[in-house]
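Read through the structure below, which is laid out as C-alpha cells, and then see the notes.
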Amino acid sequence: MRVLGIEGTAWAASAALYDDAADDVFIESDPYQPDSGGIHPREAAEHMGEAIPQVVSTVLSRAAETATTDAGGDSDAVDHSGNPYGIDAVAFSRGPGLGPCLRTVGTAARAAAQRLGVPLVGVNHMVAHLEIGRHQSGFDSPVCLNASGANAHLLGFHNGRYRVLGETMDTGVGNALDKFTRHIGWNHPGGPKVEAAAKDGEFIDLPYVVKGMDFSFSGIMSAAKQAADDGEAVEDICFSLQEHVFGMLTEVAERALSLTGTDELVLGGGVGQNGRLQEMLEMMCEARGASFHAPDPRLLRDNAGMIAVLGAKQFAAGDTLPIDESTVDPNFRPDQVPVTWRADEPSVARGLAAADAATATQRGAEAVVDELDPADEGLSLPGRCVRKRRVPKAYRHPELDETLRAERTTAEARLTSQARRAGVPTPLVWDVDTQDSTIWFEHVGEADLAAALAVEPVRAVGKHLATIHEVGFVHGDPTTRNVRIGDRTWLIDFGLGFYTGHVEDHAMDLHVFRQSLAATANDPEPLTRAVLAGYREVGSEAVLDRLATIEDRGRYQ
Ligand SMILES: C[C@@H](O)[C@H](NC(=O)OP(=O)(O)OC[C@H]1O[C@@H](n2cnc3c(N)ncnc32)[C@H](O)[C@@H]1O)C(=O)O
Ligand SMILES: [Fe+2]
C-alpha cells in the first residue's frame, strides 16, 4: 500500500510517500521562515499556498518512478488504482494548527484525492507525532511524550483512545522557548538557538511547576525574560531553561510510566530533536529499566512522513473521510480521535496489576519505598514500617535535584501530618531525615487504589481532597497510585502539596485525580461521579464549577 501524505499545520509545507511493503518514507519539505519574530499566520498560509503544490509534485514524480521500479519492469504487477503512481490514499493533517494554513492544505489534499481517484484520510497531527515513534520502535503500548511547538502532553492508549495523561496548562513547550528567544531578538525557530547557546551556560534558579502529570511554563518564561532584562548572561538563561523545562517533562514522563505500570516511552514533536531532552529521557528510562525510543530528527519535526504512515494505518482500518465531511479543525485534540487502527490492542495500563504485585520494593516516580524491620533501622516501633527515600535523579541538574528532593521531603512530612490532624487517614510519620531525603512511615493499607479501582474508595478520595482544601492546602499529585486502600482509604505522597486558598489550585487537584482515573479505569464514568459526590460532601461548589471550566479549556473527555 502506498499513501501520499500532506502536512502544513504551521511552518512545514511537506509532502511524503509512504510505501508499507518497503516501510520506506520519502519526504519533501519546504519550511516557512519568517524574516523576523515568530510565525505570522497569514504569511504562513501564503507560504503553504505556494509551496504545497511544489512538494506534492516532487513526491508524485518520485511515486511515478518507484511505481514502475517496484514492479520490476512488469507494470501489470502494480495496482495503479486509476492513477499512474500506485497511490492508494491521500492523508492530510486535519488539525490542530493555524486555521488559514490548515484550510489551504485541506483544499490541496481534497484536490489530490479527487485527481488520483483515491480516498481521503484525515489525520490528527498530534497523534501522528506519537504514532511515528510507536511505529518505528515496535513497542506494544507505550507512554508517548509529545514535545512540539504548540503542544506538550503525555498520551497513552486506553479504552479505544489516546488519553491525555498530562499536559501543559498554558503554552506548548516549543512556543514557550520561542517566546523567550523572540524577547531577546532572535528569530523563529528559537529552540535550536537555545540549545546551541546552552552549551556554554551555567545554572541559575528558575521556577519549576509540575502538578501531578500536568505542568506549566508561564512562570518560568516570565522569569527568563526578566532575567534577560536584568542583564543575566543569555547562555546561562538558555542552559537553565533547558534544565528546568526538560527536567519537568522528564519528571512527568516518569510519573506516567509509574502510574500506568508501563516500561516503554516514545518521544515525538519538534522539541524532541533537542539533544539534552533526549539525554534526560534516556537516562530516566535506563534508571528504571524502561525502553526509550526517539525517532530520527526528520520524523520528529513537522513532516508529512508521519502523516502518511498514520494515514496508511487508518486507511487499512477503513478509516477514510468523505470529501463533504473533511473540514479542518484548528483545535482538534488527540483524545477526540477514535483509534480505529488499534481496535483490540492492549491498554497503556496493561501492566498495572502485575507491576503492583511484583516486589516488596516499590519504585515510584521519584522515590524508592521499602518495607523494613524497624529494629534494623534502630527504631522501636509498634507496627510495620516503610522507608521512603527520594533518590537522586541522574538526569536532573544536581542543584535542581537537591532543591526539589529537600523541598518535597519537607512538604511531605508536614502535610501528611497536617492532613491527619484534619481527619484524613494518612500514615503516621515516624522519622524524617531531610539531609538524606528519607521519611519513615507507618505501613498502611493492602494495595494501591490503582490496582483495585472501586467506587467507594474513590468517593472517599473526593471527600479527603475537599477536607484538606478546606484546611488550606492541596495534595499536588492525587493519582490512583497515591491512594492506599484497605479497611480505610489513605492518602499518601504529599510531596508536591502546598498551601493555597485559590479555587484554581483546588480544582486542579481534583482534575489531576480525574485524569488518572480516565487513564487507568475500564469504566471511568461511575468513578468520576463518585469523586465529585465525595467532594461535594465537604467541599465548595465553586471548586466544582472551576473544575468544569478547567476541563472545558482542554475539552477533556
Ligand atoms: C500544531 C502543529 O503545527 C505544531 N507543530 C510545530 O510546532 O512544529 P514542530 O516541528 O512539532 O515543533 C517546532 C518547535 O520545535 C522547536 N525546536 C526545534 N528544534 C529544537 C531544538 N533543538 N531544541 C529545542 N526546540 C527545538 C522549535 O523552536 C519550535 O518551537 C505542534 O505539533 O504543536
Ligand atoms: Fe508538530
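Numbering of ligands and ligand atoms starts at 1, following listing order.
Using a 4.5 Å heavy-atom threshold, the side chains of R298 and N303 count as separate. In this structure, the side chains of P330 and L102 come closer than 4.5 Å at one or more pairs of heavy atoms. Inter-residue side-chain proximity for P189 and Q33 is flagged as met; some heavy-atom pair is nearer than 4.5 Å. Between L517 and T480, some side-chain heavy-atom pair lies under the 4.5 Å cut-off.
Using a cutoff of 4.0 Å between basic side-chain nitrogens and carboxylate oxygens, R2 and D88 are not scored as salt-bridged. A salt bridge is defined here as a Lys NZ or Arg NE, NH1 or NH2 lying under 4.0 Å from an Asp or Glu carboxylate O, and E264 with R350 meets this definition. E131 has a carboxylate O that lies under 4.0 Å from a charged side-chain N of R134, or vice versa, which qualifies the two as a salt bridge. Here K393 does not pair with E251 in a salt bridge; the nearest charged N to carboxylate O distance is not below 4.0 Å.
Within ligand 1, counting atoms from 1 as listed, the ones closer than 4.0 Å to a heavy atom of G190 are 28 (O). Applying the 4.0 Å criterion to heavy atoms of H129 picks out, from ligand 1, the atoms 11 (O), 32 (O). Which parts of ligand 1 touch Q273 is read off a 4.0 Å heavy-atom cut-off, strictly below it: atoms 18 (C), 19 (N). The distance from ligand 1 to the heavy atoms of S148 drops below 4.0 Å at these ligand atoms: 11 (O), 31 (C), 32 (O), 33 (O). Counting the atoms of ligand 1 from 1 in the order shown, those under 4.0 Å from a heavy atom of G174 are 30 (O).
Remark: minimum distance from atom 16 (C) of ligand 1 to any protein heavy atom is reached at V271 CG2, 3.8 Å. The protein atom (non-hydrogen) at minimum distance from atom 3 (O) of ligand 1 is T9 OG1, 2.6 Å. In this structure, atom 10 (O) of ligand 1 lies nearest to the protein heavy atom D302 N, 2.9 Å. Scanning the protein heavy atoms around atom 30 (O) of ligand 1, the nearest turns out to be D178 OD2, 2.6 Å. Among protein heavy atoms, atom 22 (N) of ligand 1 sits closest to E195 OE1, 2.7 Å. The protein non-hydrogen atom at the shortest distance from atom 4 (C) of ligand 1 is H125 NE2, 3.8 Å. Counting protein heavy atoms only, atom 1 (C) of ligand 1 is closest to P96 O, 3.3 Å. At the top of the distance list for atom 26 (C) of ligand 1, counting protein heavy atoms only, stands G191 CA, 3.6 Å.
For ligand 1, the polar-atom distance check against G270 finds a nitrogen or oxygen pair separated by under 3.5 Å. Remark: ligand 1 and A150 share an N or O pair separated by less than 3.5 Å (distance only, no angle test). The shortest N or O to N or O distance between P189 and ligand 1 is not under 3.5 Å. The distance criterion of under 3.5 Å between nitrogen or oxygen atoms is met by N151 with respect to ligand 1.
The main-chain N or O of A349 is never found under 3.5 Å from a side-chain atom of T260 such that the two would form a donor-acceptor pair. Q54 places no side-chain N or O within 3.5 Å of a backbone atom of A51 that could act as its donor or acceptor partner.
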- [ ] For side chain to side chain contact (heavy atoms under 4.5 Å, CB included), just list the numbers for I87 and L17, CA-CA rounded to whole Å, side-chain angles, deciding distance to a tenth of an Å, and then say yes or no.
- [x] CA-CA 9 Å; I87 286 173; L17 177 69; 4.1 Å; yes

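Remark: aromatic rings of F217 and H244 are distant, center separation not under 6.0 Å.
Here the angle centred on the Fe ion (ligand 2), running from NE2 of H129 over to NE2 of H125, is 90°, rounded to 10°.
Every heavy atom of G172 sits 4.0 Å or more from the atoms of ligand 1. By the 4.0 Å heavy-atom criterion, M126 is counted among the residues contacting ligand 1.
When each of E366, E402, E407 is paired with R390, the salt bridge (Lys or Arg N to Asp or Glu O under 4.0 Å) condition holds for E366 and for no other.
The aromatic rings of Y32 and H47 lie tilted to each other, with the angle between the two planes from 30° to 60°.
Residue N274 touches ligand 1 through backbone and side chain together, judged by heavy-atom distances below 4.0 Å. The parts of R301 lying near ligand 1 are both backbone and side chain, judged by heavy-atom distances below 4.0 Å.
Residue G149 holds the heavy atom nearest to atom 7 (O) of ligand 1 of all those in A196, A147, G149, A44.
Atom OD1 is the N/O/S atom of D302 found closest to the Fe ion (ligand 2).
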